[in-house]
Number of protein chains: 2
Amino acid sequence: MVGIEDVAAAAGVSTATVSRAIRGLPRVSPRTRAKILATAKELGYVPSSAASRLASGKTHTIGVLAPYVDRWFFGKAIAGVDRELHGRGYNLSLFNLGGRTQPRERLFSKAMVQKQIDALLLLCMYLHEEEIDDLHAIDMPLVVVGGPVPGLSNVGIDDYQAARTITEHLIELGHRHIALLHGQDDSDLNFSVPRIRVEGFHDAVHQSGLEFDPDTALFGNFTVESGVEAMRRFLELPAPRPTAIVCASDEMALGVLFEARRHGIRIPEELSVVGIDGHEMGAAVGLTTVWQDPTAQARRGTQMLLAELGGDEGAVHPEKAEQRLIVRESTAPPRR
Amino acid sequence: MVGIEDVAAAAGVSTATVSRAIRGLPRVSPRTRAKILATAKELGYVPSSAASRLASGKTHTIGVLAPYVDRWFFGKAIAGVDRELHGRGYNLSLFNLGGRTQPRERLFSKAMVQKQIDALLLLCMYLHEEEIDDLHAIDMPLVVVGGPVPGLSNVGIDDYQAARTITEHLIELGHRHIALLHGQDDSDLNFSVPRIRVEGFHDAVHQSGLEFDPDTALFGNFTVESGVEAMRRFLELPAPRPTAIVCASDEMALGVLFEARRHGIRIPEELSVVGIDGHEMGAAVGLTTVWQDPTAQARRGTQMLLAELGGDEGAVHPEKAEQRLIVRESTAPPRR
DNA sequence: GTGAAAGCGCTAACAT
DNA sequence: ATGTTAGCGCTTTCAC
């Protein structure tokens with residue numbers, strides 16, 4: 001295996017100079033640098049990242065902690081991190097804590113994360129109290145993308161406003177009896193996104209002088225399947241049923257839409273359905289939603305991390321992301 | 001920072017013993033091991049992965065090379081790798097070559113991959129000739145999950161058979177005029193999955209004595225959006241239009257379904273639609289398909305990699321994955 | 001602008 | 001079962 005010494009010898013310089021030249025550091029004359037780069041290429045030299053990590057203390061790796069990778073928001077976000085890292089010589093290390101039910105190790109301050117990465121990007125997820133504590137104890141640039149985590153900087157949309165916006169859209173159309181399909185699970189006190197969206201919904205309803213019938217609160221877990229099931233339960237509700245459903249995510253809204261069609265319920269004539277997220281399939285089926293861009297959010301978060309690593313203190317800071325109401329064909333005034 | 005020497009000193013043993021104890025190697029008495037583990041915990045010792053990598057030459061990291069992370073197959077597969085690695089002390093490093101159009105570096109034999117990982121799991125993708133060559137030159141356990149790459153072991157379904165199966169299902173129902181929506185792009189000679197699926201389709205058609213009208217060959221890129229667009233083009237076809245469409249992926253089939261409904265075309269009465277993959281949303285909308293499980297495939301591939309790293313020579317080998325025709329409500333005999 | 005040399009914190013022989 | 005020690009291949013002062 002050709003090492004830095006071989007290159008140094010072949011180029012007639014010291015290893016120190018080779019190191020500087022390869023990394024593009026100053027204090028190397030153009031001629032020397034050119035010569036070194038040429039011989040390095042000729043010899044097929046590839047620096048040992050292990051040695052470099054040990055000597056420099058930098059891993060040139062960003063860790064991404066995500067609860068899932070095969071769900072819309074997370075897949076998009078990871079793609080964003082990747083795109084931002086790609087070409088900058090940084091690696092992306094993916095960490096997964098497993099779902100919220102499975103037993104999971106406390107790994108924040110542990111080996112898995114510690115010393116393996118230079119910075120951490122956390123995708124919104126279910127967190128236990130102690131995990132949040134661990135997070136605060138981590139001594140490296142850290143940003144969360146998605147829902148806010150108390151005390152940590154995050155890049156994401158205003159979920160409260162998103163829920164209000166979409167609910168008010170329905171109210172403006174004339175709906176007075178609105179059902180809610182949310183992903184709130186009372187055990188998940190620390191996953192704030194579902195809760196915040198629910199709050200936005202309730203506030204919009206109440207401040208419009210309407211009432212919310214608790215019996216029309218449906219539960220899901222943010223998947224299409226849970227939307228399908230929720231719709232089945234909705235159909236068992238006693239008449240008069242709500243004329244609209246606010247879903248806490250597009251994926252659940254899609255499930256609702258699909259199941260509604262299956263039962264011959266015409267959307268939006270008989271039932272208005274809205275979601276939040278801006279899932280691509282929503283566009284294909286005409287789902288009214290509040291759009292957001294997880295990829296862009298993750299890119300922004302990654303940029304902050306990189307800037308902070310580059311010595312730009314304070315580069316990591318909270319930042320609200322773009323969101324936009326997109327009215328399509330799943331909403332209309334109620335018939336009654 | 002507390003290092004191995006601190007632990008050794010505090011426990012009254014040598015660093016070598018600490019190393020063995022921590023890694024669970026034999027030749028350490030239970031008492032000693034217990035004592036070492038205790039003091040290590042007490043001191044908050046965390047091994048430096050950089051030092052360990054340098055000294056051992058092992059990175060304990062598996063690289064995953066994927067063209068996308070935010071698409072169904074890839075998200076599921078990455079999740080599978082992660083799940084298999086999780087708990088085994090292995091890290092997952094995600095590499096992305098960028099789409100097929102963007103300029104991309106040749107990174108297989110380069111720094112990004114070399115010396116950063118112990119093994120590579122490749123997710124089926126568009127590969128240039130020279131990239132395949134690079135792949136063959138890589139000196140580490142390597143497996144591909146998904147479509148086959150010439151000369152490399154892969155875990156995946158029989159795409160040819162999947163396409164035949166789904167096409168023959170239509171033929172058995174009585175369809176004689178079948179359109180095809182594929183993802184084949186003639187420039188992508190080396191991404192075999194689209195091509196193989198197309199072959200399966202053609203063979204099924206021809207061997208049933210039917211003819212395929214080239215004008216009913218629609219192109220897409222495996223996304224829902226491209227399915228939507230393809231359906232628009234389908235509707236512009238002169239009558240008599242095909243009575244069924246075979247889509248090379250469920251995502252495209254979903255797009256077709258959505259757009260068909262938008263135009264008031266009743267599925268399956270007026271048009272039968274089939275896909276391949278087993279996408280969750282397919283179940284929700286009643287899409288007939290050939291199901292496969294990318295997560296399981298990736299887990300299997302990862303297991304092979306890990307076994308090979310564990311000294312189990314020949315652990316990596318080609319293996320066909322499970323696939324199954326699932327008939328739902330998007331297919332029926334043609335009306336005419 | 002360049003070189004010499006001392007680590008970085010482990011692991012792996014080998015010795016005991 | 002445990003200790004000794006020589007690296008692993010870079011980076012980084014500090015001299016020159």
Side-chain angles (χ1 to χ4, degrees), chain A residues 1-37 39-40 43-61 89 91 110-112 114-118 309 311, chain B residues 1-40 43-61 89 91 111-112 114-118 309 311:
Chain A
M1 215 222 48
V2 29
I4 199 172
E5 293 211 44
D6 303 302
V7 179
V13 296
S14 70
T15 61
T17 304
V18 173
S19 181
R20 291 189 202 100
I22 300 252
R23 288 182 297 157
L25 296 184
R27 299 181 159 211
V28 181
S29 76
R31 278 196 79 250
T32 316
R33 188 187 304 277
K35 162 132 201 162
I36 291 173
L37 260 24
T39 54
L43 298 180
Y45 169 67
V46 176
S48 152
S49 74
S52 161
R53 286 176 190 225
L54 180 55
S56 71
K58 272 102 174 58
T59 63
H60 269 237
T61 298
N91 285 139
K110 295 285 289 306
M112 280 189 71
Q114 206 77 295
K115 307 188 181 184
Q116 306 248 53
I117 56 180
D118 294 336
L309 287 176
Chain B
M1 217 221 49
V2 28
I4 200 172
E5 294 211 42
D6 303 301
V7 179
V13 296
S14 70
T15 60
T17 305
V18 174
S19 181
R20 291 189 201 102
I22 301 249
R23 287 182 297 157
L25 296 184
R27 299 180 158 212
V28 181
S29 77
R31 278 196 80 251
T32 316
R33 187 186 303 275
K35 162 130 200 165
I36 290 174
L37 259 25
T39 54
L43 298 181
Y45 169 67
V46 176
S48 152
S49 74
S52 163
R53 286 176 189 224
L54 180 55
S56 71
K58 271 103 173 56
T59 63
H60 268 236
T61 298
N91 284 141
M112 282 190 69
Q114 206 80 294
K115 307 189 183 181
Q116 306 248 51
I117 58 180
D118 294 335
L309 288 176

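Naming convention: chains lettered A, B, ... in sequence-line order (proteins, then strands); numbering from 1 in each chain. Not measured: the values here are computed from a predicted model.
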Please name all residues satisfying side chain to side chain contact (heavy atoms under 4.5 Å, CB included) with A/Ala40, sequence neighbours left out, ordered by chain then number. A/Val7, A/Ile22, A/Tyr45

Whole-Å distance separating the CG atom of A/Leu25 from the P atom of D/dT13: 12 Å

Ignoring backbone atoms, establish whether A/Ser48 has a side-chain N or O less than 4.0 Å from OP1 or OP2 of D/dC10. no

To the nearest Å, give me how far apart NZ (B/Lys115) and C1' (D/dC10) are. 10 Å

Mind running a 4.0 Å heavy-atom check of residues 28-39 of chain B against DNA chain D and sending the residues that fall below it, in number order? B/Val28, B/Ser29, B/Thr32

Rounded to the nearest Å, what distance is computed from the CD1 atom of residue A/Ile22 to the P atom of nucleotide D/dG9? 16 Å

Just the atom pairs and distances: protein N or O near nucleotides 14-16 of chain D's N or O, under 3.5 Å.
none

Quick check: on DNA chain D, is the nucleotide nearest A/Ala51 upstream (toward 5') of the one nearest A/Thr17, or the reverse? Name the residue that is more 5'. A/Ala51

Excluding sequence neighbours, so at least two apart, what forms side chain to side chain contact (heavy atoms under 4.5 Å, CB included) with A/Thr59? A/Arg53, A/Thr61, A/Asp118

Quick one: how far along DNA chain C does chain A reach, first to last nucleotide 5' to 3', anything under 4.0 Å to a heavy atom? C/dG1 to C/dG9

Non-hydrogen side-chain atoms of A/Lys115 and B/Met1 separated by less than 4.5 Å: yes

Please state how far atom CZ in A/Arg53 lies from atom C1' in D/dC10, giving the value in whole angstrom units. 13 Å

Nearest atoms (heavy-atom pairs only) where B/Gly44 meets B/Val2: O-CG1, 3.9 Å

Whole angstroms only, please: what is the CD-P distance between B/Glu5 and D/dA6? 14 Å

I need the single residue from B/Ser19, B/Pro47, B/Ser48 that forms a side chain to side chain contact (heavy atoms under 4.5 Å, CB included) with B/Ile4. Which is it? B/Ser19

Sorted by chain and number, sequence neighbours left out, side chain to side chain contact (heavy atoms under 4.5 Å, CB included) with A/Thr17 holds for A/Val13, A/Ser14, A/Arg20, A/Val28, A/Thr32, A/Ile36

Looking at every heavy atom in both B/Leu43 and B/Ala10, which two are closest together, and how far apart are they? CD1-CB, 4.0 Å

Working to the nearest 0.5 Å, report the span between CG of A/Leu309 and NE2 of A/His60. 8.5 Å

Using whole Å, what does the distance between atom C1' of nucleotide D/dC8 and atom CG of A/Leu54 come to? 9 Å

Taking CD from B/Gln116 and C1' from D/dG9, how many angstroms apart are they, rounded to a whole number? 14 Å

Give a yes/no answer on whether the side chain of B/Ser14 brings an N or O atom under 4.0 Å of OP1 or OP2 in D/dG3. yes

Can B/Ser49 and A/Gln116 be said to form a side chain to side chain donor-acceptor pair (under 3.5 Å), step by step? CA-CA 7 Å; B/Ser49 74; A/Gln116 306 248 53; 3.1 Å; yes

